[in-house]
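All values below come from the heavy atoms of this structure, side chains included, with hydrogens, waters and symmetry mates left out. Predicted, not measured: the structure shown is a model, and the values here were computed from it.
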Amino acid sequence: MSALVAGQVSVDPAEFTQVKYDANEIAAIVTSLAETLGVSNSISLIVDETTPLAKISCSIDAPSSDAMIVIDAMSGAIENTKQLTTLGVNQTRTSVGRMLLRARDRMRADFADVGTDDELTLAESAAWDTYCAGRLARAGIEINTQRWRYNHRNRFGFSDAGDADFDRLWAADGLSWSEVVAGIAAD
């Protein structure tokens with residue numbers, strides 16, 4: 001299958017057969033999202049439409065400001081959870097937005113020692129997701145704060161300390177990787 005290329009964004013596959021997604025619509029959402037988040041890099045979004053799972057990960061081809069961002073998404077990561085097999089615009093913004101922010105973070109020197117998404121612990125991934133979701137909310141992307149608070153609590157405990165760490169990450173900008181994961185060491 002070939003990819004659809006629209007400006008700085010490519011979507012693969014160009015035509016979906018197992019889910020009711022439109023590559024042009026996805027490319028438009030990702031292009032708008034990248035503009036909102038100040039991401040000018042080329043973006044390749046690869047969607048595995050053969051699984052309803054919601055895993056999504058990103059990588060960059062080099063730790064530089066002109067890096068190519070590659071996002072691998074299982075179809076559930078961008079699916080409308082109220083109408084299965086159809087594209088969820090808000091789910092796409094939330095899932096892809098987190099990955100664009102992770103990619104942008106990875107281009108900074110103070111994130112140089114971060115492993116791939118698959119190498120992150122569940123706690124590291126949850127902390128980074130909290131940090132990214134908070135920034136998305138401040139950028140005007142519709143975010144369910146309670147969903148992310150619950151995700152954070154599942155990794156760090158249902159406690160005042162866990163909630164304080166959530167609040168710290170949610171409200172932050174410009175954190176280094178060691179600052180993002182600082183709450184892990186405190187547990």
Side-chain angles (χ1 to χ4, degrees), residues 8-12 26-27 29-48 53-79 88-145 147-152 154-156 165-166 168-184:
Q8 78 187 67
V9 176
S10 70
V11 177
D12 187 13
I26 294 169
I29 292 167
V30 175
T31 299
S32 173
L33 184 60
E35 184 178 302
T36 297
L37 298 175
V39 176
S40 59
N41 305 69
S42 295
I43 302 163
S44 173
L45 175 60
I46 304 160
V47 181
D48 181 353
L53 298 177
K55 183 176 180 183
I56 189 165
S57 63
C58 72
S59 61
I60 56 173
D61 63 358
S64 65
S65 61
D66 62 346
M68 161 72 95
I69 298 171
V70 178
I71 300 171
D72 289 295
M74 294 179 178
S75 67
I78 60 175
E79 180 178 54
V89 173
N90 194 52
Q91 289 83 352
T92 302
R93 286 185 184 127
T94 301
S95 294
V96 174
R98 285 186 358 260
M99 294 303 105
L100 290 176
L101 290 174
R102 279 189 180 197
R104 193 175 74 186
D105 290 342
R106 279 191 162 101
M107 292 178 216
R108 296 179 22 198
D110 54 0
F111 276 77
D113 57 344
V114 177
T116 65
D117 282 354
D118 289 337
E119 295 170 337
L120 298 174
T121 67
L122 291 175
E124 289 170 334
S125 188
W128 206 356
D129 280 343
T130 298
Y131 177 50
C132 290
R135 292 184 286 168
L136 288 174
R138 286 190 303 285
I141 307 302
E142 183 181 329
I143 296 290
N144 181 340
T145 307
R147 174 191 185 263
W148 294 104
R149 184 177 297 279
Y150 185 73
N151 183 63
H152 196 84
N154 276 326
R155 298 293 169 238
F156 300 102
D165 189 52
F166 174 88
R168 174 187 72 85
L169 290 167
W170 190 264
D173 274 312
L175 295 181
S176 67
W177 175 244
S178 61
E179 292 169 324
V180 168
V181 296
I184 296 171

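- Residues E124 and E119 come closest through the heavy atom pair OE1-O, 4.4 Å.
- Taking the charged nitrogens against the carboxylate oxygens, R106 and D117 do have a contact shorter than 4.0 Å, which makes a salt bridge.
- I69 pairs with exactly one of N41, V9, V30 by the side-chain contact (heavy atoms from CB on, under 4.5 Å) rule, that one being N41.
- In terms of heavy-atom proximity, I56 sits nearest to A77 at CB-CB, 4.0 Å.
- Rounding to the nearest 0.5 Å places OG of S10 at 8.0 Å from CG of L45.
- In this structure, the side chain of R155 does not engage the main chain of I184 through any donor-acceptor pair within 3.5 Å.
- Closest approach of Q8 and A34 over heavy atoms only: NE2-CB, 3.6 Å.
- Side-chain contact between V114 and R102 is absent, with no heavy-atom pair separated by less than 4.5 Å.
- Between the side chain of R98 and the backbone N or O of Y131 there is no donor-acceptor pair closer than 3.5 Å.
- For R135 against R104, the heavy-atom pair with the smallest separation is NH1-NH2, 3.9 Å.
- Residue D61 comes nearest to A67 through the heavy atom pair OD1-CA, 3.4 Å, listed as atom of the first residue, atom of the second, then distance.
- Using a 4.5 Å heavy-atom threshold, the side chains of L169 and L175 count as touching.
- Side-chain contact between T31 and E35: absent, with no pair of heavy atoms (C-beta onward) separated by less than 4.5 Å.
- Inter-residue side-chain proximity for L100 and L33 is flagged as met; some heavy-atom pair is nearer than 4.5 Å.
- D113 and D110 make their closest contact through OD1-O, 4.3 Å (heavy atoms, listed as atom of the first residue, atom of the second, distance).
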Legend entry - side chain to side chain contact (heavy atoms under 4.5 Å, CB included) between L136 and W148, intermediate numbers included: CA-CA 12 Å; L136 288 174; W148 294 104; over 6 Å; no
Inset, instruction - Check the pair T94 / N144 against side chain to side chain contact (heavy atoms under 4.5 Å, CB included), numbers first and verdict last. - result: CA-CA 10 Å; T94 301; N144 181 340; over 6 Å; no
Legend entry - side-chain hydrogen bond (donor to acceptor under 3.5 Å, both in side chains) evaluation trace for D118 with T116: CA-CA 5 Å; D118 289 337; T116 65; 5.3 Å; no
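- Counting heavy atoms from C-beta outward, H152 and R149 have side chains that stay 4.5 Å or more apart.
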